[in-house]
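Just so we're on the same page: letters track the sequence lines, and every chain starts at 1. Keep in mind the model is a prediction, meaning the values are calculated, not measured.
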Protein chains: 2
Amino acid sequence: MDKTPYHHGDLRNALLDTARGVVERDGAEALSLRSLAEDLGVSRAAPYRHFADRDALLAEIAASGFEDHVAAYQAFLDTDMDGRDRIALTTRFYLDYAARRPGLHRLMFESDLLARTPPPAVLIPPADRSYRLLVEIVRQAFPGESEDATLARAITAISTTIGFLTLRGAGRFKPFMRGGLSDADIEAAIIAAVSNQSAAAPLAVGSICAPSTPGSQ
Amino acid sequence: MDKTPYHHGDLRNALLDTARGVVERDGAEALSLRSLAEDLGVSRAAPYRHFADRDALLAEIAASGFEDHVAAYQAFLDTDMDGRDRIALTTRFYLDYAARRPGLHRLMFESDLLARTPPPAVLIPPADRSYRLLVEIVRQAFPGESEDATLARAITAISTTIGFLTLRGAGRFKPFMRGGLSDADIEAAIIAAVSNQSAAAPLAVGSICAPSTPGSQ
DNA sequence: CACGCAATGTAAGCGCCGACAACATAGAGG
DNA sequence: CCTCTATGTTGTCGGCGCTTACATTGCGTG
């Protein structure tokens, strides 16, 4: 009956939607422009009319992920709650977001998209906004500190959260869980560590040790 | 003169050495068995006589990386020093190791090799030993705690360290460094956070917040 | 010493991929 | 109506992982 028209109509958004689904579930590595085009019933060259290359499509998907985070952080900041609880809530959000969309999480926080020089233009605004809001959340939890101290706290907090997700995703914690420690226990410990950083001097350490590197063979 | 002999002589080790160099510098994604074979002057199929597939080669490279870590941890444990200082030294080792071999670090801590079921057999022994030694380092820094508490501390410590490296490698901290915060400052803050975890109750937190997920669209 | 067999290497080919160039179609605006 | 541009197609190139069938070598054993 309705034979497929020559023009798709909204191929660009169709590509974004379908591709985001693939990335969320199976990660950026699993995304193939060819199979994507085939799934949507267009030729393999069609996607290149809308995205310069594969990375350009991935950049837009990552950007949409950062926009999700921006919306969530903004909502957290708009609610009136204790600063430490807000950090715990934010950390909980990270964990849930990554659990639901492991591949998208990896694209956002482990890919080198943002390390390019220059990074994809579409990625910069949402990534920057998410930085700023995260720092604001940390600032409100540890008020009255210097800007550098706040930044150091923010970096430590996000490092702990992302590192946990990276390592769990990489299967590095499987040996730890043969004991009595459940996944929920570990998540609770991470949230506690992020929310209850010691209130003292995050930048007070000198160089405790020289950058020696034994075993570097 | 010496025309290339039919048999390479030590192709397996040559593959490992050359491949490890590529992985250390440019990451596992950059490793191509074809170009590797060409560089070594053998045919494209030759590597498959020594490794079942690309992942098998990568697994051996990752294993050698974990063995580096095991050797370093053992050396740290053999020296007589304050427990917190040893944690700081261990963290410093992570940072340096990853700085010198960014691609190998990613293969070890971000790839899903260990998440497979089952993981590559060559990878399990060195990975397990590195777990155990790391836990031992943490235990000596926070003696007298329950096994679960020690594990939670270890997980938090390595999460913070690896997360920092992942995020810096992904370019996520570039916006933070436009201010007065240098890279060395940030590293010092990470080391301080890992070494000076609050001594109190790493597992004492209940469920501070429900797993709500605003903005999950 | 010779021989046969396992270890190790080669050549060719499959199917997948990203990307580009040349061509086809359709719809919007003069 | 007609052209111009946006959009989609086909064909092609080079690269990849991996497999199959075949070639060479050298070691262990009769």
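OP1 or OP2 of D:dG17 sits under 4.0 Å from a side-chain N or O of B:S32. Between A:S43 and D:dG8, a side-chain N or O to OP1/OP2 separation shorter than 4.0 Å is absent. One finds no side-chain N or O of A:H50 lying less than 4.0 angstrom from the OP1 or OP2 phosphate oxygen of D:dA6.
The residues B:E136 and B:R132 are annotated as not salt-bridged, no charged nitrogen and carboxylate oxygen being separated by less than 4.0 angstrom. Between A:E187 and A:R92 there is a salt bridge, with a side-chain nitrogen of the basic residue lying less than 4.0 Å from a carboxylate oxygen of the acidic one.
Atom CG of A:L33 and atom C1' of C:dC17 are 9 Å apart (whole Å). C:dT25 atom P lies 19 Å from atom CG of A:L11, rounded to whole Å. Following rounding to the nearest Å, A:L57 (CG) and C:dA19 (P) show an atom-to-atom distance of 11 Å. When rounded to the nearest whole Å, the span between CG of B:L40 and P of C:dT8 equals 16 Å. As a whole-Å value, the separation of B:L15 CG from D:dG17 C1' is 15 Å. A straight line from OH of A:Y48 to P of D:dG11 spans 18 Å, rounded to a whole angstrom. Atom CZ in A:F51 sits roughly 18 Å away from atom C1' in C:dC20 (whole-Å rounding). Computed from coordinates, the A:E29 CD to C:dC17 P distance equals 15 Å when rounded to whole Å.
Using a 30° and 60° split on the angle between ring planes, A:H69 and A:Y97 fall in the perpendicular class, above 60°.
In terms of polar N and O atoms assigned as donor or acceptor, the side chain of A:R44 comes within less than 3.5 Å of the base of D:dT12 in a complementary pairing.
Checking D:dT9, D:dC16, D:dC18 against every side-chain atom of B:S35, the shortest atom distance belongs to D:dC16. Ranking C:dG18, C:dT10, D:dG8 by closeness to the B:R49 side chain, first place goes to C:dT10.
Across the interface with DNA chain C, nearest-nucleotide mapping of B:A45 and A:D55 shows B:A45 to be the residue nearer the 5′ end.
Two rings, from A:F109 and A:F66, have their centers less than 6.0 Å apart.
If you check every strand for non-hydrogen atoms under 4.0 Å, A:R34 touches a base. As judged by a 4.0 angstrom heavy-atom cut-off over every strand, B:L31 is placed among residues touching the sugar-phosphate backbone only.
Taking the side chain as every heavy atom from C-beta outward, B:I191 and B:L95 approach each other to under 4.5 Å.
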